[in-house]
Each structure stands twice: as structure tokens, then as C-alpha cells.
Number of protein chains: 4
Amino acid sequence: MVAAETTRRVDKHRAILDAALDVFARQGYADTNLDEVAELAGVAKPTIYNHFGDKAGLFAAVVETSSQDANKQVADVIAATSTDPADLRAELETLAHSLVHCLQGGAGSATMRLQLVEGARFPELISRVRDGNRDRTLDLLAGKLAQLSATGHLRLRDPGRAARQLMALVSDEPLVNSGFGARPVDPAVVDRAVTEGVDTFLAAFGPEPAPAT
Amino acid sequence: MVAAETTRRVDKHRAILDAALDVFARQGYADTNLDEVAELAGVAKPTIYNHFGDKAGLFAAVVETSSQDANKQVADVIAATSTDPADLRAELETLAHSLVHCLQGGAGSATMRLQLVEGARFPELISRVRDGNRDRTLDLLAGKLAQLSATGHLRLRDPGRAARQLMALVSDEPLVNSGFGARPVDPAVVDRAVTEGVDTFLAAFGPEPAPAT
Amino acid sequence: MVAAETTRRVDKHRAILDAALDVFARQGYADTNLDEVAELAGVAKPTIYNHFGDKAGLFAAVVETSSQDANKQVADVIAATSTDPADLRAELETLAHSLVHCLQGGAGSATMRLQLVEGARFPELISRVRDGNRDRTLDLLAGKLAQLSATGHLRLRDPGRAARQLMALVSDEPLVNSGFGARPVDPAVVDRAVTEGVDTFLAAFGPEPAPAT
Amino acid sequence: MVAAETTRRVDKHRAILDAALDVFARQGYADTNLDEVAELAGVAKPTIYNHFGDKAGLFAAVVETSSQDANKQVADVIAATSTDPADLRAELETLAHSLVHCLQGGAGSATMRLQLVEGARFPELISRVRDGNRDRTLDLLAGKLAQLSATGHLRLRDPGRAARQLMALVSDEPLVNSGFGARPVDPAVVDRAVTEGVDTFLAAFGPEPAPAT
DNA sequence: CATGAATGAGGGTTCATTCAT
DNA sequence: CATGAATGAACCCTCATTCAT
């Protein structure tokens, strides 16, 4: 009984979070009304208040949860990259593709959009979550690039800078093209950004000086 | 007499636009109430309706106007760049600084934030304005870079790509650092992004192949 | 010049009255906004205020004017009825048709609807106008019926009562059918009401006692 | 428990309907503001929206409800009329008095005024309700008159026509006198209309041909 | 006097939040 | 704890009316 009830409670908690992420991401904080969230989650409105206190509390919980999820994905993607690849260019393109996919696809897009749009409304919350995530991501990426430099595949003085610039080169254009998360991205834009971004990155940081294509 | 009438009407029109840009940018569309705009503009609320029809119409006018302003600034900045500079690196850094300043400073920041935050609410309006502006900016920049390539200062196969990547390299980090327009940018971040971005750009596209610093 | 200006002023006055009758009748007093009236009349809104003081004053002017018009029509119709007709039934049916037409057709309908709908809002104005008109109409009709009685075509003790009942018999059904002036009347309903109403009237007040058909 | 909840909800529902009938009838749809209704009903304004959706929904509910009530009263009155009365004239006068009372007294007056005044604003709703009620009333009345004809108290070829004309004869004058529901009716006018109306009706449709008094 | 523009006041509707069960 | 119902506070928008020309 207790287990069942607990389970049910956890289920509702999760259902509310999922519903809220969906609605918040689509409509923004101000335009989200809790009636809609409650209906989508299949609970009554006061239940939301029981679980999360108020609307802002629900939003914070949504952001924290979804950010953790997104962060874990990114860490996995970076970890899966070889430090001694047979084909460096291909390896970097795969990595870049995966990173962009984490940022732009499905839950990643929703998470990013929330952070971006509501940054002014919840400055502290959003700063903390975003900076934390970004810093961790860049640190992991810098670490991986440093290893590639150590193994001679790249020539880096400043791996942190290389990480930031690789991210910028491959993700900036998709970000803009998606309306900063408002629309689905055009895959062709992603492909071009990745290909050309890695190309330029290698032209600047590759093993031997070579002009970009 | 007619001039006086016209002037007064135009003054109120402008005052409303200015006030609305301020409030919209700070609070977003949904959280902006027209009472506040009216008070800030020094007009009565119905005057807003006389001029702009409704809240959405006011928003559209604000976005169009401020985008045009921002666009003109950017065009001036690009036009002011020499096509045969004594010091290429310095010239590009100056250009990059100015561009970032246009995007992030004052009205530029507000404009960007509006476009970004309300992209989901007014997809058509925002797409049109943003894509138009971005395309024009990138075209101008690509043209300038092509000239630099023609004069031998750069070696570019695809000036459009070079323009996109230069923008990405110098503006991505300030964008993120500002919370996408929600907070003032840290000048140090801008300086670093510009210096390092131009450095990498030159490493990839400079006259002779040279590794990034 | 003076004549021309005077004429123009009179024209505007009339145009406003016509436009206002139209809009008031269609939408009622509360739902009529003076912008619509002004546009329909081709004048600026303050001109209405110059001519009629305020919205209520305009309404009063409309009601008085249109009532006088309607009243004149009714008087003409009754006056045109023969006091010694060859075919009494036909003469009464013609009279009845004309009366119903005055009440239900075009301006008559608008006038009636105004009086009816706004009776609670302007009790004094409407009472005065309506009672005056109705009394005058019934008096004229009673006089005509009394003449028909004097010439032996009818047998009436109380011409006033006969007038009221004739009006009731022929106009009640069309009134209801038109939604009390809200919709155009079905001509078939008018025809039936007139035929049957006159028939019953003659059965009760005709020269010799005869049952209704 | 459930009963208590239900009761409270039903109570509020009813209280809102009653208050709204009162205010709508007095002021018309456009001039009724829901604050007033809410205060009169002793509820908060949003409660009205919970129950009836919006102002028009409330109006529709009021009209439907009050029309049903009025209709039931009329049916009762007609059913209570004897089909083989000792004194036909007295029986008809009693019936007519009751009918006029249903139409003009208290809730009847309010109902009629609503239907009449808002016929142009809610044509479909009002048509449906009014025509339905009127048709049912006239059918019932025609049935009763047909029975009186079958028992030899009247001589009718067309009971439907007789019903319409009896209604017209006894109710037209009170209707006009009340300003179509805007003012209380003068009882003397009702008495006269009933007496004279029944008299004329009997002169036309009574057992033997006899002139009206 | 006619007009374009401006305004003060008010009403319908929504929504985050709280009772009562 | 979950729920149906209720509420107070706000906001968008309209419109009769008035200035200034």
C-alpha cells in the first residue's frame, strides 16, 4: 500500500514535470497556465501546488531536472569520443553532430529555449544552471581536445579556447536557424555548419598548417 | 499649423515606440502591460491603440523599427572598414568590436532579445525581420571579406562561409555571456572573444598558412 | 455662400439622422458607437456633438424625426380609405395591408424597433412618442370606422374599441413573426393575418351577424 | 458530502440565474455588467464564468431557463380550463386573464422583454425559444378550443386561427400598454382587453351568430 | 463650425492561488 | 494528499466625450 501510494505520487510528480516542460517550452513562462499543465499531466491543479509550491517553483524544478538530463547526454557524447582516432576529421564531425543534436533535438531544444527565454525573469536560477552546464560541457570538451593535442592530433596552446571556438563554429548557425529553439532545425544547415566548422577548426588547429578549404 | 499637428503626433508615436521597446525588452511580451508603456511614454492608453491598433501591432512596429535601426548601424560599421588596411588584424578586430557592440549594446541588445524571446509567439514577423537583417548583414560582411580576398589580404574560397564563421567566432561567447541579451555583457569577454576569434579566423583564412597562437 | 453653407449644414444634419436611425435600429442604443454613425454619415465625430449635444440627444432626435415620418404615412393611408366602398371586405383588407406595411416595412420597422427596444432606457421619450402616435393612429382609424358605421357598412357601438381590435387582429401575428422588428416579415404571414383578421372583424362587426369563415 | 457540494454548486448556479434574469431584463444585455450580477448573486465574478462560460452563455442560460418556467405556467393555465363550462364567457375570460398574467407578470414580463429586446443580438437563440414556446402555447390553446367546439360551445373551422386571434385580441393592448414589458401593466387595461377581446371572439366564433356588444 | 487626435472611465475575461471536502 | 469549486487581482480593449487647430 505504502509502496503503491508512493509510486503513484512519484508518477504524478514526474507527469507534472513532463507536462510542464512541454508547455513551458512551447509557450514561455508567462503564457503557460497551470490548468493546461494540470490537464496534460492528468492531475488536479492543487496537486501541482502540493508538489511544487507555486508556479515559479514548478518552473525551477522543470529547469533543474531537464538541465541535468541534457547535461548527462552531453557528457556521454564527449566521453564517447576517441582520443586517438584513425580519422580525426570524421571523429570531430561525429562529435560535433552529436553535440548539436543534444542542444537542438527534442528535450535539448526545450531546455535551451527555457533557459534562453526566461533568463531575464529568473536570472539567478538560469545563470546558475546554464553557466554550470556550459562550464562543465566546455571543460569536458577542452579535456578531450587537450588529449587529442597530447597525442599529436591537434596543436593547441589553449584547449579551453579551442573548445569555445569549436562550439561556436558548429552550433552558432543551427542556433540562429532554429529561431533559438523556436522551430525545428533544418538538418542541411546542421550538416553544413558541422562540416565547415570542423574544417575551419582543423585549418586553425590541425596538426600541420593548412588553409581552409 | 499642419506641421505642429504632425509634429505632435509624430512625437507621441516615437515616444510610444521608445517606451514600448524598453518595456518589451525588459519584461517580454506577455508581462508587458500597456499601462506601463503609456505612462512611460507620457500618453494615455487609448492613444497607443489609436496609433498601433493593438498590443501585437505595437509589438510588430517596435520590432520592425528597432530592427531597421540596428541594421543601419551594422551597415555603417561594415562600410567603414578599409579594403586595403595597413594592419589587417587590427582592422578586423575593430570591425568585430563594432559588430558585437551593435548586437549587444543598448538598443541592439533589446532588439535581439525581443526577436529571440518572442520568436515562438510571432514566428512569421520575427523570422522575416531576423532573417532579413541577418542575411543583409552577412551579405555585406561577405562582400567586404571578398574585397579583402581580392586585394590579397585574405584567401577565401567562399566569402559567405567566412562571414558566417567570423560572426560565430566573435559573437557567440558574448551572446552566451550576456544571457542572450538579458544582462549587460562583460567587456573582458568581448575583448577576448574578438581577439581570439580574429586570431583563429586569420589562422584559417589569412594570407599564408599560420597556426593559431 | 451663406445659402450654400446652410445647405451643407442641413445636409449633414440629415445625413447624421439617417445614419443614426439605421445603426440604432440594427444594433440598439448601447451597441451603437458614434464612430460608426459618423463614418456612415460621412462626417467627423465631433460634428455629431455639435449638432445633437450627446448620444442621447442624437437618439431622441432620431426617434422624434422618424416617428413623425411614420405617423404621416399612417395618416395618409387611413385618409385614403373610402367611407362608402363598393366592396367593404376588400377595402378593409387594403387598409390593413397598408397599415401593416407602414409598421413593418423599412423605416417603419426601424422606428418601431427603436421605440420597443429602448422603452426602458428612455421611458419618458418613448412613452410620449409612442403613445402620441398610437393614439393619433387609433383616433384616425376609429373615425374612419365610425364613418363606415354611419353609412351602414358596419355596426359599431364603440369605434375606438373596434379600431384597437382591428389593429390587434391584423398586426399581432406579423409583429411576432418579425421578431418584433428584428427580421423582415414573411409576406405570407401578413397576407394570412390580414385576410383572417378582417374576416373575424367582419364576423363580429359586419352589417349582419354572420359567423367567421 | 457529495450532496452538500452539489447543493452549494446548484445554489450558486440558481442564484446567478436569478440575479442575471433580473439585471438583464432591467438593463438589457449590453448595459448589464457582470459585476452587478455577481454582487446581486453573492458570488465572485469568475464563478459566473465557471458556470456559464461567458456573458453570452449566461444570457442563453437565463433565456432558456426562464422560458421553460414561463411555458410551464402557461401550459398549466390552459390545462385548467374546463371543456364543458357552465358559463363559457366567464371561463374564457378567466383563461384570458391567466394567460395575460403569465405573459406580463413578474418573471413573464422579464422573459418577454429579454426575448424581444435581444432578438437582433441572438437571433437564433431567441427565435428557437420564442417560436417553440409560442407554438406550444398556441397548440395547447387550439386543442382546448377545438374541444370546446366539439362540445358545441364554439363553432370553429380552424382552431389554430381561433387560438391566434384570441391571443391577439386579449394580449395586444396590454403588451403595448406595458411598453412591451418595460413598465408594469395597468390592470384596468388588462380587464378591458380581456372583456372586450372575449366578447368579440364570441361574436365571431360563439355558438350562434350574435353581434358584438 | 468641422476635424484629427487624445483621453478617462469602465467592462469582459483570464489566471494564479486558496477553501472545503 | 487529491480534488472541485471559488476568488481577487490584473489586463486588454472600447467608447463617449473633449481639446486644439
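Letters A, B, ... are given to chains in the order of the sequence lines, protein chains preceding strands, and every chain is numbered from 1.
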- Which distance, rounded to the nearest 0.5 Å, do you find between the CG of C:Leu40 and the CG of C:Leu21? 10.5 Å
- Which residues share a ring pair (Phe, Tyr, Trp, His ring centres under 6.0 Å) with B:His13, sequence neighbours left out: B:His51, B:Phe52
- What residues form a side-chain contact (heavy atoms from CB on, under 4.5 Å) with B:Ser109, not counting sequence neighbours? none
- In chain order, what residues pass the salt bridge (charged side-chain N to carboxylate O under 4.0 Å, His left out) check against C:Glu39, with sequence neighbours excluded? none
- Note on the structure: In DNA chain F, stems of three or more consecutive pairs, Watson-Crick or G-U, each with both distances under 3.5 Å, turn out to be E:2-21 with F:2-21
- Query: What residue pairs, at least two apart or across chains, pass salt bridge (Lys or Arg N to Asp or Glu O under 4.0 Å) with a residue in residues 19-29 of chain C?
  - Reply: C:Asp22-C:Arg26
- Item | Qualifying salt bridge (Lys or Arg N to Asp or Glu O under 4.0 Å) pairs, either residue in residues 114-130 of chain B, two or more places apart | A:Asp31-B:Arg121, B:Glu64-B:Arg128, B:Glu118-B:Arg121
- Please report, rounded to the nearest Å, how far the P atom of E:dA5 is from the CZ atom of B:Phe52. 13 Å
- Item | For B:Tyr29, ring pair (Phe, Tyr, Trp, His ring centres under 6.0 Å) partners two or more places apart | B:Phe24, B:Phe59, B:Phe122
- List the atom of A:Ala15, the atom of A:Ala41, and the distance in Å for their closest heavy-atom pair. O-CB, 3.6 Å
- Taking only heavy atoms on the protein side, list every residue of residues 55-66 of chain A lying under 4.0 Å from any atom of DNA chain E, sorted numerically. A:Lys55
- Task: Return each pair, listed once, that meets salt bridge (Lys or Arg N to Asp or Glu O under 4.0 Å) where at least one residue sits in residues 52-62 of chain C; pairs must be two or more places apart or across chains.
- Result: none
- Within a strict 4.5 Å, meaning less than it, do heavy atoms of the A:Leu34 and A:Tyr49 side chains meet? yes
- Message: Counting C-beta onward and ignoring hydrogens, is there a side-chain heavy-atom pair between D:Asp69 and D:Thr111 closer than 4.5 Å?
- Response: no
- Message: Under 4.0 Å, heavy atom to any atom of DNA chain E: which of residues 15-40 of chain B qualify?
- Response: none
- Task: Return no unless some side-chain N or O of B:Lys12 is found under 4.0 Å from OP1 or OP2 of E:dG4.
- Result: no
- Scan residues 41-51 of chain D against DNA chain E and write down, sorted by residue number, each residue with any heavy atom closer than 4.0 Å; if none is found, say none. D:Lys45, D:Pro46, D:Tyr49
- Query: Closest approach of C:Val37 and C:Ala19, non-hydrogen atoms and distance?
  - Reply: O-CB, 3.8 Å
- Can you name the residues that form a salt bridge (charged side-chain N to carboxylate O under 4.0 Å, His left out) with A:Arg183, not counting sequence neighbours? none
- Query: Please give, in whole Å, the distance from F:dA6 C1' to D:His13 NE2?
  - Reply: 15 Å
